[in-house]
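Encoded as structure tokens, the structure appears first; notes follow it.
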Amino acid sequence: MLQKIVLWTHKRTSNWQQMPDWLSSLLVILLAFLIGALFIIAIGASPLAAYGALLRAAFGSVNGFAETMIKACPLLLAGLGISLAYRAQFWNIGAEGQIYAGGVCAAIVGLYLHGLPTFAHITLTLLAGMIGGALLGFFPALFKVRLGVNEMITTLMLNYVVIQVVAYLLHGPLRDQASGITISPQLLKSAWLPIVVERTRFHLGVLLAVGLALLIHWFIYRTVLGYQIRASGENRRAARVGGIRVNWVIIWTVLLSSALAGLAGAVEVSGVQHRLVEDFSPGYGYLAIAVALLGNLEPVRVIFSSILFAALLNGADAMQRAAAVPVPVIYVIEGVVIVLVAVSIFRRKGSL
Amino acid sequence: APATPTPAAETKKVRVALVLDGKIDDNGWNQAAYEGLKEAEAQHGVEIAYSEEIPIPDYEKALRDYASQGYDLIIAHSSIAKEAVMNTAKDYPKIAFLWTDGDETRENLAVIRPMAQEASYLAGLLAGKITKSNIVGMVGGIDIPSTHRSYAAFEMGLKEANPEAKLLVNWVGSFLDVAAGKEAALSQIEAGADVIFGNGDGQNIGVLQAAGEKNVLAIGAVRDQFNVAPNVVLTSVEWGFRKGIAEVVGDYVAGKFSGKVYEIGLAHGADLSPYHENASKIPEDVQNLIKEKRQQIIDGKLSIPDISSAQ
Amino acid sequence: MLDQIFSVVFLTGFLAATLRMATPILITALGEMIAERSGILNLGIEGIMVLGAFVGFWVSYQSGDLWQGFLWGGLAGGIIGALMGIVSVRFHANQIVTGLGIWILCQGLSSFLNRRIFGISSVRPQLPTLPAIPIPGLSKIPILGETLFNQNIIVYGTLLLIPLFIYFLRQTSWGLHLSAVGENPRAADAAGLRVEWIRFLATTFGGMMAGWGGAYLPIAFYGLYTDDLAVGRGWMAIAVVAFGRWSPLGMLAGALIFGASSALQYRLQAMNFPLPYQFLLMLPFLITLIFVVLFVRGGGGPAALAKPYIRTQSE
Amino acid sequence: MMSDKSPSVIVMRGITKRFGSVVANDNVFFTLQKGEIHGLLGENGAGKTTLMNILYGLHQPDSGEILINGVHSHIKSPHDAIARGIGMVHQHFMQVPTFTVIDNVILGLQPFYRPALDRRHARQRLLEIAHLYGLSIDPDAYIWQLSVGDRQRVEIIKALYRNVRILILDEPTSVLTPQESEDLFHTLRRLVENGLSVVFITHNLEEALAITDRITVLRNGKAMATLPSVHATKEELASLMVGRQVLFDIPTLDLPDVSVNEVLSVEKLSVKGDRGSLAVRTVSFSVHQGEIVGIAGVDGNGQSELIQVLAGLRAPYEGRFFIKGREMTNASPREILQAGVGYIPENLEDALIPSFSLLENAVLDTHYTPPFSRNGVLDFRNIVRHARALIQSHDVRVPDEMAKAAVLSGGNKQKFIVARALARNPQLLIAAHPTRGIDIGAEEYIRNLLLQKRKEGMAILLVSTKLDEIMSLSDRILVMERGRIMGEMLREEATIERIGMLMAGSEA
Ligand SMILES: Nc1ncnc2c1ncn2[C@@H]1O[C@H](COP(=O)(O)OP(=O)(O)OP(=O)(O)O)[C@@H](O)[C@H]1O
Ligand SMILES: Nc1ncnc2c1ncn2[C@@H]1O[C@H](COP(=O)(O)OP(=O)(O)OP(=O)(O)O)[C@@H](O)[C@H]1O
Ligand SMILES: [Mg+2]
Ligand SMILES: [Mg+2]
């Protein structure tokens, strides 16, 4: 029986493979929203109102777009980092922890370095975030290269460890003593990323992230180290034969990768929260994996996939308020969209 | 004061929105607020809306979204969303805001401060009197101000009632992880605890369940949790969000809203739950002691300090 | 403190908790190992566990029969596994993205069904859980007896699965085919194996085991369902597979180490161990990390893991 | 010899297969008769592998039909092909390296409903087959431990174990020593005696003439002719393949230029192999400027490990080696390349990044040096120029330099790698099987090129399993056997017999 079903999808889908790319992608995404509509109807809400709210919230106003972009920002930065690591076949799933590490380091510099001019203070704050992220990435990279330790485990375990460290810091050393709650004091104003679009939260970090994406595109395709990252990932042995110091390259790649994730945390702290709070990343580090892969590890395409994800998250969130769609249904829609988008993008080519 | 938001005209229904960082069915913190909202709807005929699982980075967006949709009263039910609440309240001076367990008010921003320390102190007395092994356990969710306040007052009551008693403390690092709550409680029971105070949310279900299975007396929290393990749950330290939120909404509807601190103490529903079928397990004199102390607190003769910061 | 640690009560409780916490992770990890050996990395098992937990609870509750619930928990997982299989095998969709999507989808689905069926009430429906079955004689051995021979039947079953899996992988053609497909799908294809079909079946099976791993939680231990009952156990299972280097015995060790360090963590806290509790909470992950760095080296797993196989495409 | 009346077991009619703009097979007509060995010849990229992949179900033709024993057959997958009695030994072996020989052989054979493995029985049957056809193999060895020759035998045993009636061999001899090739031919003859039919793809015309019954020549995807081997000549085949006359003169070597300039000197080098035992045992030799030193030997006797050490890819166990007087014993590949070494690895997979364009592959070993990069940034103008030059000068058949390396035919990959190594103008070239899988035209070209480079002063260490190549190119010949150098001789002293004796392990 099962075999029949599989054979059936085989037959059905072979025509589909001849379709132009854009058309089938569109159909697949439509299908995802149709499936979502069934759930929305099931809870007695209106799919049209819900999807209208989704689009309006994501792109319908200056503020909506700004919110989409500030959400895209950490996804983009961490996604860029993940793209680099995955190109070198280093399966970093520690971006979440690296985001937290970056956030903590940025917060410390933003809180305690007094008397700096704004530009210098912001630069140092972001730099601190990058160093924090990179530090966390360094050990899994070193263990992998020197001892052959599986990086998926080490990076995943470090996520849990770091999140507890952040919790500890917020209960103890970094806690705002004046406040009754477990948050750090506000960063000094000189460490705040400036707002770019008046009356929104659109901060400079967004532009920085987009600029970095272009830079990294150039870096991957036009520089020696970029070439070596790609070569080491695609064929380690051949890279070695060509005289590339593969281990050296992997360590640098992971440092860059985790520094970018750390930067995502720093930007979130100094651009949005202006202080360190627990849970300031609701799983950006995991979503960024999907963002990077849906962008096919191409920096410029990662810009678009991060915006797509941010729009989806923002818009879906707005469906709660505009159309009373409960959160479980929103998760179902998000999940279906992610799975089906993966299908539409990768069906022709092998991924990775 | 003129800047105080005025309730809408009689003909129009008052619209109240609630923003939660967790789910409405989390068995604790968020569910209590949701139930408060429902109660307000039932009692005061307001129109309600809510958003669940709003992570901290999106909190402000959600608040602003409701504000721009013209909601009259917007409730932020998260102590750490400080920036979000303060910024939005500042930008929408005509709209009333309520921040539960917050630490700062504005003219249009009221704060609910649950005085859980009072009931927790009474619970501590109860535990101290009733323990036979002189070992009492406390399993907390996350060590945040509200749970810490409860923990500190519980310990105070315990030590007062029974200076010999030892308090075992476990924090499970989650308000949702039932499994972790259960494991922590089991480990305390193994260590000899014969009364367990579950101080938190969803994870409390696991705590009380463990007590139920091992037949060890237990005290719940946040809401009346008797049903989780009717054989052992003596009472629960209710936080009173449910009543508190309904009360603030009622004030708003009655035009009495102001940016003040609502201290929700014993008289406002932040109380010990009834003993239900387990009253017989509590000796008469202990029941009387608690009754007495409770009255003293209500009358202002006894004040329980709010120790809400973790060391 | 030391005398506390070496007391009989402590050791018995500690060992029993270790096994109890290792079991659902191990069940899930065994299934994931099968999927991964075929070359499919299913990152969605965290979500599948949640769904399995819900369906397991729901069916048990409706039917009053824990075994029916357990069965259906696995079947629900199998259906999602099959979905993962079709999407990643047939459509060559990126497995990591698909897995993350399935994770979110299942979380939503379980929570959606839970609210539809049980509503939002202050009284959680509860079930009696599977009883422990003491094995006569053996369960009387001090410490170990209570731990090993006084558990519920699923724990025994999972332990029995270990030799079964070893036999399956080493001594059967199915095991051989499975590994061939994950190591070198082109060679397997050239040998006449149906690569796609085998991968599909393996992923479905992996989903089913994850469903069972999830169903274990309400049925064998908690007697109720909440959305977060399974939190993190699916991710841990993925780590355990790599920890055990895709071998059942290694995975048993990995699951036990994690279970033991969790059990230890709770007990250290209960002894009022003088360390901020956050550091005790990170202990299980830290200990796992240390074990990996010290003892588990090399071996990146099946060569074709997470790589879609497309016959006409030269690599 | 075959009579024309033999029934055709395979008829492929009007087969066309396109890959994008490349027409790999163009309306090909091909028949295979019962009990024949049918040679398939053609230049690199002519479409031989593609045609056989279609027959084996790995590719679907765009048009055309296949008849097996007169019956129309749609071969959807290798599974179908095997079910119809077709087996194939690929240019790149289709084996699971982490499995033992037995497990590879029985893979896919057991019916679904009887999963329990009976390895004892399988071992017995495997050994019987091996004995019957003269194929020696250790059934319990892991594939990754085996030499290429062994792996080839495993592939043949795999097919025979499946009772194939039709066996396709894609360039089976390009990795074998003459002795191993001879063994293979014996085996093939025994196969056809037992009624099997064989398709044999090769670039070696003599071999083709000697072993096959009929020959089909492909050129640019088209079948040029099918002719009985008895009537064919090398010249005729060559011109059918290439479309022009090919000269078969062995270029004359001038006297060895006994230069005193030692470029490579190896001192008592020992190397551990993957199996942990010593693969190279206290080997010493040297290579001088303007000299070609050939290492002969059956594959798997330590040559691979030796050159891997010299390329910096493997750590030596004991001993030292020097390049131009500088000790490089523990140097990295980069340092060795920078000391003026060019390296052609024995596996093409180890020299190309499949998903990279030829453009990027062209500078794999030089991208970090000027003029291809400056201050860490690649200079594509120079890279393009360089890549085009490589492709043109070595006649690499590709659409353009943007094509991915993965789509090149086996021989074209090899040409590209040789071109790249020589373009570095190294002082020492370490060349493993430089003409492996290359068609006769290109082979001639590369051999001439090596001789010319030698004349210009390059020192060349040549490892090859082709004895004629070793004997026609080397000034000095070393014979390796079980990790030791069994003998050393000048070219004048070398005879096939003498080398053969040494290779077999007996002191001459
Ligand atoms: N999968 C593929 N995708 C694109 N082009 C291909 C593919 N396979 C083969 N080709 C192209 O088809 C042509 C024929 O290739 P094929 O491998 O059949 O040649 P061949 O005769 O076996 O050559 P060689 O002697 O070098 O092995 C070549 O131009 C090759 O580049
Ligand atoms: N892949 C590379 N690309 C460009 N420059 C490099 C590269 N690798 C190393 N370098 C340069 O060479 C310097 C020396 O590097 P390193 O010490 O890692 O070499 P190594 O010890 O020989 O490496 P290995 O032993 O891993 O081959 C580096 O600081 C760097 O400037
Ligand atoms: Mg070929
Ligand atoms: Mg070095």
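In the text below, chain A, chain B and the rest are named by the order of the sequence lines, each starting its count at 1. It should be emphasised that the depicted structure is a prediction, and the values quoted were computed from it without experimental measurement.
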*Specify which of B:Q31, B:Q225, B:E35 makes the most heavy-atom pairs with chain C at under 4.5 Å.*
B:Q31
*So, B:E183 side chain and C:A17 main chain: donor-acceptor pair closer than 3.5 Å or not?*
no
*Gap between atom NZ of B:K23 and atom CZ of C:R115 - 0.5 Å precision*: 6.5 Å
_Test item: B:I142 and C:Y277 side chains (from C-beta on) under 4.5 Å apart, heavy atoms_ = yes
*Name the option with the most non-hydrogen atom pairs under 4.5 Å to chain C; the candidates are B:M138, B:E190, B:R223.*
B:E190
_More than 12 heavy atoms from other groups under 6.0 Å of CH2 on C:W235_ = yes
*Using a cut-off of under 4.5 Å on heavy-atom pairs, state which of B:A179, B:A210, B:G173, B:G202 scores highest against chain C.*
B:A179
*asked:* Which one wins on heavy-atom pair count under 4.5 Å against chain C: B:Q188, B:K182, B:Q203?
replied: B:K182
*asked:* Test side-chain contact (heavy atoms from CB on, under 4.5 Å) on B:V228 and C:Q126; report intermediate values, then the result.
replied: CA-CA 8 Å; B:V228 178; C:Q126 290 197 44; 3.8 Å; yes
_Whether over 12 other heavy atoms sit under 6.0 Å from C:I133 CD1_ = yes
_Chi angles and distances behind the side-chain contact (heavy atoms from CB on, under 4.5 Å) call for B:Q209, C:T129_ = CA-CA 11 Å; B:Q209 222 183 36; C:T129 51; over 6 Å; no
*Measure B:A32 against the heavy atoms of chain C and call it side chain, backbone, both or neither at under 4.5 Å.*
neither
_So, taking the atom named OG1 in C:T226 and the one named CG in B:D201, what distance separates them when rounded to the nearest 0.5 Å?_
11.5 Å
_Whether the side chain of B:N170 engages the backbone of C:A270 through a donor-acceptor N/O pair (distance < 3.5 Å, no angle test) should be reported._
yes
*Between B:F226 and chain C, which part of the residue has a heavy atom less than 4.5 Å away: side chain, backbone, both or neither?*
neither
*Out of C:D227, C:L229, C:L217, C:L280, which one racks up the most heavy-atom pairs below 4.5 Å with chain B?*
C:D227
_Before you tell me yes or no, could you show the steps for B:L176 and C:V231 under side-chain contact (heavy atoms from CB on, under 4.5 Å), namely the whole-Å CA-CA distance, both residues' side-chain angles and the distance that decides it to 0.1 Å?_
CA-CA 9 Å; B:L176 302 167; C:V231 277; 5.9 Å; no
*Give, for atom OH of C:Y222 and atom CD1 of B:I205, the distance between the pair rounded to the nearest 0.5 Å.*
12.5 Å
_Sidechain-backbone polar pair: C:N272 side chain, B:V169 backbone, donor-acceptor under 3.5 Å_ = yes
*Does a side-chain heavy-atom distance below 4.5 Å link B:D143 with C:Q278?*
no
_Quick check on C:F221 against chain B: is it the side chain, the backbone, both or neither that has a heavy atom closer than 4.5 Å?_
both
_For a quick test of reading the model, state the closest non-hydrogen atom pair linking C:R267 to B:S187 and the distance between them._
CG-CB, 3.6 Å
*If you count heavy-atom pairs under 4.5 Å with chain C, which of B:I24, B:D177, B:V172 comes out on top?*
B:I24
